[in-house]
Amino acid sequence: MAAAPATFVVVALVAVALCGGVGRAQDMDNEWARYRGFFGGGGTLLPQSDVDLLEFPLNLEYLETEFFCWSALGYGLDGIDVNLTGGGPAPIGGQTAALTPFVRDVATQFCYQEVGHLKAIKQNVRGFPRPLLDISAANFGKIVEQAMNMTLDPPFNPYENSLNFLIASYIIPYVGLTGYVGANPKLLTPQARRLVAGLLGVESAQDAVIRALLYERGLSRVASYGVGVAEVTAHISELRNQLGSRGIKDEGLVVAPGQGPEGQTVGNIIAGDQFSLAYDRTPEEILSIVYGTGNPAQAGGFFPQGADGRIAKGLLM
């Protein structure tokens with residue numbers, strides 16, 4: 001039954017050609033191009049719009065995989081499953097983090113969960129090679145300084161200890177999960193929606209774990225900066241709101257009175273809107289944030305040469 005739509009397209013196009021309605025090879029090529037997106041990985045049938053929306057988050061999944069795996073294990077995809085890299089360049093600056101056994105265990109689980117996400121997406125769409133990623137301490141340091149609007153001495157290093165690693169982790173998965181929330185209503189097929197729902201569930205759980213571990217340390221000071229953990233998360237969230245340029249879609253661990261769930265708490269262990277529903281973001285917003293430029297057409301940040309896929313490349317052009 002799954003092959004019926006594709007068969008219909010083939011028959012329809014051939015019939016049109018035989019009747020002289022198309023007539024030229026170029027016209028046939030154009031018609032085939034319209035339906036190219038129906039053929040995802042493994043022979044599945046997906047419209048091009050679903051393919052694009054499923055391929056785009058590969059950028060974030062690659063980023064999360066490399067950061068979590070390098071932090072926990074001291075190596076990334078090249079040491080786990082080189083085929084998943086698609087021959088893409090090795091990330092910049094990955095290293096083993098100095099983590100407590102508990103946090104390393106959590107990071108290891110996150111690492112392999114992200115590997116699974118890459119496999120799941122690539123079973124449905126062709127995907128693209130791993131883009132060049134910058135997961136160096138220097139890059140994370142720039143992001144935290146940008147958020148804090150100050151020069152930190154010593155520079156922030158996500159690999160230095162468990163607390164720094166958790167703060168750096170706060171920066172990444174949440175952006176991806178808002179992207180899945182934004183993509184879901186745009187998907188046309190049950191297959192694509194099911195995949196995104198599964199990815200969103202685990203990404204949300206990862207973010208909840210990170211926020212819970214940081215919330216427990218909310219009043220702890222970050223290195224010698226004289227700033228509490230909750231304050232740092234608030235600044236990071238504010239930065240993402242600024243870069244995304246679409247209003248408040250990000251919240252720290254503590255919010256102003258009246259802004260917590262149902263206006264009853266200042267604690268904000270899970271971010272959500274006025275109804276405690278997850279915020280959504282578009283690809284344009286996401287790229288503006290992960291590039292660190294506030295502009296989806298200006299690469300930088302975690303993606304020095306830009307993200308990949310039709311959506312991201314189309315915005316860079």
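Sequence positions, counted from 1, serve as the residue numbers for this chain. All values derive from a computational prediction rather than experimental measurement.
For N161 against N164, the heavy-atom pair with the smallest separation is OD1-N, 2.8 Å. For the residue pair L99 and S162, the shortest heavy atom distance occurs at CA-OG, 3.4 Å. For A307 against L316, the heavy-atom pair with the smallest separation is O-CD1, 4.3 Å. Pairing each heavy atom of C69 with each of I80, the nearest pair is SG-CD1, 3.6 Å. Contact between F68 and S169 at its shortest, heavy atoms only, is CE2-OG, 3.5 Å. Contact detail for A299 and P304: the closest heavy-atom pair is CB-O, 3.9 Å.
In this structure, the side chains of F110 and E64 stay at 4.5 Å or more apart for every pair of heavy atoms. With a 4.5 Å cut-off on side-chain heavy atoms, Q48 and R310 count as touching. A 4.5 Å side-chain heavy-atom check between L243 and V290 finds every atom pair outside the cut-off. V144 has its side chain within reach of M148: a pair of non-hydrogen atoms, C-beta onward, lies under 4.5 Å apart. With contacts defined as side-chain heavy-atom distances shorter than 4.5 Å, the pair S71/T96 does not qualify. Residues Y180 and D280 have side chains not in contact (no heavy-atom distance under 4.5 Å, counting atoms from C-beta outward). Using a 4.5 Å heavy-atom threshold, the side chains of T85 and P129 count as separate. Residues R217 and L166 meet the side-chain proximity criterion, which asks for heavy atoms closer than 4.5 Å.
As a member of the Ile/Leu/Val/Met/Phe/Trp/Tyr network built from side-chain separations under 4.5 Å, L132 groups with I92.
Ion pair D250/R281 flagged as a salt bridge, since at least one NZ, NE, NH1 or NH2 atom sits closer than 4.0 Å to an Asp/Glu carboxylate oxygen. Between K186 and D52, no side-chain nitrogen of the basic residue sits less than 4.0 Å from a carboxylate oxygen of the acidic one, so the salt-bridge criterion is not met.
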Side chain to side chain contact (heavy atoms under 4.5 Å, CB included) between I167 and I236, intermediate numbers included: CA-CA 9 Å; I167 290 172; I236 292 172; 3.9 Å; yes
Residues H117, E203; criterion side-chain hydrogen bond (donor to acceptor under 3.5 Å, both in side chains); working and verdict: CA-CA 10 Å; H117 289 179; E203 293 289 332; 3.1 Å; yes
Using the rule given for salt bridge (charged side-chain N to carboxylate O under 4.0 Å, His left out), can you reason through K249 versus E285, listing the C-alpha separation, both sets of side-chain angles and the distance that settles it, and then say yes or no? CA-CA 10 Å; K249 297 189 177 182; E285 292 172 76; 3.1 Å; yes
Kindly determine whether L213 and F102 satisfy side chain to side chain contact (heavy atoms under 4.5 Å, CB included), including the steps that lead there. CA-CA 11 Å; L213 293 174; F102 175 78; 3.8 Å; yes
Does the pair V254 and N268 meet the rule for a side chain to side chain contact (heavy atoms under 4.5 Å, CB included), with working shown? CA-CA 5 Å; V254 176; N268 196 47; 6.0 Å; no
Checking side-chain hydrogen bond (donor to acceptor under 3.5 Å, both in side chains) for the pair Y279/E251: CA distance, chi angles, key distance, verdict? CA-CA 10 Å; Y279 292 105; E251 300 169 334; 3.0 Å; yes
Please step through side-chain hydrogen bond (donor to acceptor under 3.5 Å, both in side chains) for the pair T189 and D50, ending with a clear verdict. CA-CA 7 Å; T189 60; D50 279 11; 2.7 Å; yes
Should R130 and E66 be marked as a salt bridge (charged side-chain N to carboxylate O under 4.0 Å, His left out) after you check the CA-CA gap, both sets of side-chain angles, and the distance that decides it? CA-CA 10 Å; R130 174 183 58 196; E66 294 295 352; 2.7 Å; yes
Can you list the steps and then say if L199 with I121 is a side chain to side chain contact (heavy atoms under 4.5 Å, CB included)? CA-CA 9 Å; L199 293 165; I121 295 174; 3.9 Å; yes
Any chance you could lay out the ring-ring contact (aromatic ring centres under 6.0 Å, His included) test for F67 and F165, step after step, and finish with the verdict? CA-CA 10 Å; F67 177 62; F165 165 78; 5.5 Å; yes
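Atoms NZ and CD, from K119 and E114 in turn, are 13.0 Å apart once rounded to the nearest 0.5 Å. One distance of note links CD of E238 with CG of N149; it measures 10.5 Å at 0.5 Å rounding. Here the OG-OH distance, from S136 to Y159, works out to 7.5 Å after rounding to the nearest 0.5 Å. Rounded to the nearest 0.5 Å, atoms CD (E284) and CD1 (I289) are 11.5 Å apart. Note that CH2 of W70 and OH of Y75 are 10.5 Å apart. Values are rounded to the nearest 0.5 Å. The CZ atom of R240 sits 7.5 Å away from the CD1 atom of I171 when rounded to the nearest 0.5 Å.
Put simply, the side chain of S237 never gets that close to the backbone of A234: no donor and acceptor are under 3.5 Å apart. D134 places no side-chain N or O within donor-acceptor distance of the main-chain N or O of N139, the cut-off being under 3.5 Å. The main-chain N or O of L187 is found under 3.5 Å from a side-chain atom of R193 such that the two form a donor-acceptor pair. One N or O on the side chain of E145 and one on the backbone of L152 form a donor-acceptor pair closer than 3.5 Å. With hydrogens and angles ignored, the 3.5 Å screen pairs a side-chain donor or acceptor of T233 with a backbone N or O of L253. A donor-acceptor contact shorter than 3.5 Å links the side chain of Y225 to the backbone of P154. No donor-acceptor pair under 3.5 Å is formed between the side chain of R246 and the backbone N or O of N241. Side chain of D273 to backbone of L277: a donor-acceptor contact under 3.5 angstrom is found. Looking at N184, its side chain never comes within 3.5 Å of a backbone N or O of V181 through a donor-acceptor pair. Without hydrogens or angle criteria, S204 side chain to L200 main chain gives a donor-acceptor distance under 3.5 Å.
When hydrophobic clusters are built by joining Ile, Leu, Val, Met, Phe, Trp and Tyr residues whose side-chain heavy atoms come closer than 4.5 Å, directly or via intermediates, L239 is not grouped with V255. Hydrophobic clustering of Ile, Leu, Val, Met, Phe, Trp and Tyr side chains at less than 4.5 Å, counting indirect connections, keeps Y62 apart from V82. Criterion: ILVMFWY side-chain heavy atoms under 4.5 Å apart, direct or through other members. Under it, I270 and V202 are not part of a common hydrophobic cluster. Residue F56 is not grouped with residue L188 when hydrophobic side chains (ILVMFWY) are merged at heavy-atom distances under 4.5 angstrom, including chains of intermediate members.
Between Q206 and Q109, the side chains place no donor N or O within less than 3.5 Å of an acceptor N or O (distance only, hydrogens not considered).
The side chain to side chain donor-acceptor pair (under 3.5 Å) search around Y174 returns none, not counting sequence neighbours.
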